[in-house]
**Q** 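Would you mind keeping the following structure in view while I ask a few things?
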Amino acid sequence: MSSENELLIENTYKNFGNVSAVKNFNLKVEDNEFVTLLGPSGCGKTTLLRIIAGFEIPDSGDVLLNGKSIVNIPPYKRPLNMVFQRYALFPHMTVYENIAFSQFLKKKPKEEIKNKVKKMLELVQLEGFEKRKPDQLSGGQCQRVALVRALINEPKVLLLDEPLGALDLKIRKDMQIEIKNIQERLKMTFIYVTHDQEEAMVMSDRIVLMRNGEIIQIGKPKEIYNYPNSIFSAKFIGENNILDGEVLEIKNDHLVIDINGLNILTNKTSNVKIRDKVFLAIRPEKIKRIYTIENKSFDNHIVGKIEKIVFFGSTIKYYVSISEEIFLVIEEKVAEENNKHVKGNNIGDEVNLRFSKEDVDIFLK
Amino acid sequence: MKKRNKHIYLLSPLYIYLILFFFAPIFILFIYSFWLKSSSGFIHTFTLQNYIKIFSNPLYLTVIRNSILIGLVTAVICVLASYPVAYAIAFKYKKLQDVILYIILISLFSSYLVRVYAWRIILGRYGLINQILIYLKLIKEPLTFFLYSPTSVIITLVFILIPFTILPIYSSLTNISIDLHEAAADLGANKFKTFFKVTLPLSKSGVTSGFIFSFVLATGDYVTPQLVGGTQGLMIGRIISDQFGMAFNWPFGSSLAYFTLFLIVLTVNLFIWIVKILKIGR
């Protein structure tokens, strides 16, 4: 299980008719790594997973496991296993028979199978469920069975195709942690497909952000969150205020961007010229209402009006209008919100906003 | 009154229909089977004489046995021939499934008699098969064993009954998600093992009901044997209908019908039991 497993996807292309599902895809997945393929529906993430599993044959390119191409190996001979979105448990078999399916096929001794299944059921806390049929299980239990049915085979790489998509929020959040824990405990390589950026952030060692069959950005969750490389990354990962503007001035240490008459200072980037159309992205938690942090200089000072306040429990969000066209969302921790010095706690109040130029990401249109 | 019981009244039209036109007549027939025929009509009595008569003459038992054998062979051929067709429509030719199903159903649109007569024309002494064989100079004299034999009855019954096996098998196969095939492949099963461990067990209900449909309908058929069976292909349905018609011995006809019904129910349950204990796919 813990031998050197390295999965390499090289120059892979896949078209369905005129639609290209995967384009020039290159990815190296290290041993013990939890990699998430993240993107909106139709971005090719599931197709790519199915290429790795062997259910789709790429039009060109190669998939290598430990240096050996597996593209021409049929799925049932590949040392990989997959967890399906809709569980795909065999309805005519009990939980025990479902989990033991691959072991029966390998003609393992009965006693060994029994011990292995027991271990697997312990792993997902389903002891005593051996004799149940899948239709007597809840969605979360089904997905646990599906997970260990794949794990019992000790795959070199486990592929998970939106395994939590059909579960409700509370169970999904618990399962995210559970799956991550299992992956760390078993020291296995997981490739996980999801369209839920929060899920990707919680679980992944690395995120591969995809759009239209292409990789947009690869990186640790923190890297992608803090340094999105494109407007798509900035929009897709986490929340962001996106502003549409034009480069007005290029100064020594900063740029001045004109957003419908509002000037915003940003860090200097080498690739812009005056009059270039740009997008700005500012995280809601980076914008501070004045007096919340004292004695720190900020580059941007804006005045706005609170339109809406939404309470999220640990955080609170203010929806602020700067002008007719410009709206900003501000997120604060509730502890800060309780601070008596802060003015502008009510809808309709005027509010002073501050944020530094480092916190503004700038992307060419 | 519990709320969930209310909807049971929706079933009442069906129940009324079944009671009036199925259970009542069949019960009357059951009473008939204990009566006796006399020259002036029926003697209302209670005797097992009709049933004893079945066992006294080996003809009846032989014909009943032959009928059940013809029914079994027909049902087995129907199921074996239907499965690949149903599998192909369900998984391989999904785009064409409406067209293919329509073609299969077309055979049900025409009259049953027309279809049986068509087979007479194909199988007969100067029928299509003999004509072709003579034309190809493979034979000089027409072959006679095609028509008026159990074989011709089975050929004709398979043709008539095959939609009744294709449809239930097809519908049980369409309920199998393609995910399950992929999951089996992913867990190490090749196509052969996937079929025997996943597809076949999950289509068990379709196979069972298709088998029962074709077996019951074939065993009880009395038109086909009459038209293409000859004396060799005589079946029990014909004898029963003769008792109600020419012989005008309704009590004996009823007891024959009930005895045959008993054997058919027994065979069907035996089949269900065999399917159950085989535990396909474990």
Side-chain angles (χ1 to χ4, degrees), chain A residues 46 49-56 73-94 96-108 110 133-135 142-143 145-155 157-163 165-166, chain B residues 4 79 83 86-88 90-96 168-212 271-282:
Chain A
T46 295
L49 200 73
R50 291 172 60 82
I51 288 172
I52 302 170
F55 298 126
E56 306 284 354
I73 300 176
Y76 65 91
K77 285 186 183 159
R78 292 193 189 193
L80 313 167
N81 284 106
M82 182 147 155
V83 178
F84 293 81
Q85 186 173 8
R86 286 176 306 266
Y87 326 133
L89 295 179
F90 304 121
H92 58 301
M93 298 182 195
T94 61
Y96 184 92
E97 288 163 332
N98 263 288
I99 297 173
F101 187 79
S102 62
Q103 307 304 301
F104 286 147
L105 288 171
K106 284 183 173 171
K107 302 210 158 55
K108 289 269 169 71
K110 276 206 169 151
K133 288 275 181 80
D135 59 7
C142 279
Q143 200 49 277
V145 173
L147 181 68
V148 291
R149 182 179 69 173
L151 284 174
I152 197 170
N153 218 10
E154 293 171 15
V157 178
L158 185 73
L159 310 168
L160 302 102
D161 183 12
E162 305 209 21
Chain B
R4 67 191 159 92
V79 167
Y83 207 102
Y87 189 92
F91 298 123
K92 303 289 169 196
Y93 301 103
K94 280 206 149 164
K95 282 179 190 158
L96 290 172
I169 295 173
Y170 165 75
S171 94
S172 68
L173 286 174
T174 49
N175 286 330
I176 303 174
S177 150
I178 216 81
D179 276 5
L180 295 181
H181 289 170
E182 291 189 344
D186 187 67
L187 294 165
N190 57 26
K191 291 212 161 135
F192 187 74
K193 282 186 174 147
T194 302
F195 177 76
F196 281 102
K197 295 210 171 261
V198 178
T199 316
L200 188 59
L202 286 174
S203 59
K204 208 164 66 180
S205 65
V207 171
T208 310
S209 52
F211 182 90
I212 292 170
F271 175 77
I272 292 172
W273 180 71
I274 289 170
V275 168
K276 210 173 183 179
I277 59 159
L278 274 181
K279 277 199 175 179
I280 304 160
R282 293 288 166 89

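These figures come from a predicted structure and were not determined experimentally. Order of the sequence lines fixes the chain letters, A, B, ..., with proteins taken first and strands second; residue numbering starts at 1 for each chain.
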**Q** Closest approach of A/F55 and B/E182, non-hydrogen atoms and distance?
**A**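 Scanning both residues completely, I find the closest heavy atoms to be CZ-O, 3.2 Å.
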**Q** Could you work out, with salt bridge (charged side-chain N to carboxylate O under 4.0 Å, His left out) as the rule, every residue matching A/R78, not counting sequence neighbours?
**A**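 Here no residue qualifies.
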**Q** Any idea which heavy atoms bring B/L187 and A/N153 closest together, and the distance?
**A**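 So the two residues come closest at O-ND2, 4.1 Å.
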**Q** Is the backbone of B/D186 close enough, under 3.5 Å, to the side chain of A/N81 for a donor and an acceptor to pair up by distance?
**A**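 Between the backbone of B/D186 and the side chain of A/N81 there is a qualifying donor-acceptor contact (under 3.5 Å).
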**Q** Does any heavy atom of chain B fall under 4.5 Å from the side chain of A/I152, the backbone, both, or neither of them?
**A**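 No part of it gets close to chain B.
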**Q** So for A/L159, is it side chain, backbone, both, or neither that comes closer than 4.5 Å to the heavy atoms of chain B?
**A**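 Nothing of A/L159, per the 4.5 Å heavy-atom cut-off to chain B.
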**Q** Which distance, rounded to the nearest 0.5 Å, do you find between the CZ of A/F90 and the CG of B/D179?
**A**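 So the CZ of A/F90 and the CG of B/D179 are separated by 10.5 Å.
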**Q** Rounded at 0.5 Å granularity, tell me how far CZ in A/F101 sits from NZ in B/K193.
**A**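 The NZ atom of B/K193 is 9.5 Å from CZ of A/F101, to the nearest 0.5 Å.
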**Q** Specify which of A/P91, A/G54, A/P74, A/A53 makes the most heavy-atom pairs with chain B at under 4.5 Å.
**A**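 The residue among A/P91, A/G54, A/P74, A/A53 with the greatest pair count is A/P91.
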**Q** Heavy atoms only, distances under 4.5 angstrom: which of A/R149, A/K77, A/K106, A/R86 has the most pairs with chain B? Name it, please.
**A**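 Going by pairs under 4.5 Å, I would pick A/R149.
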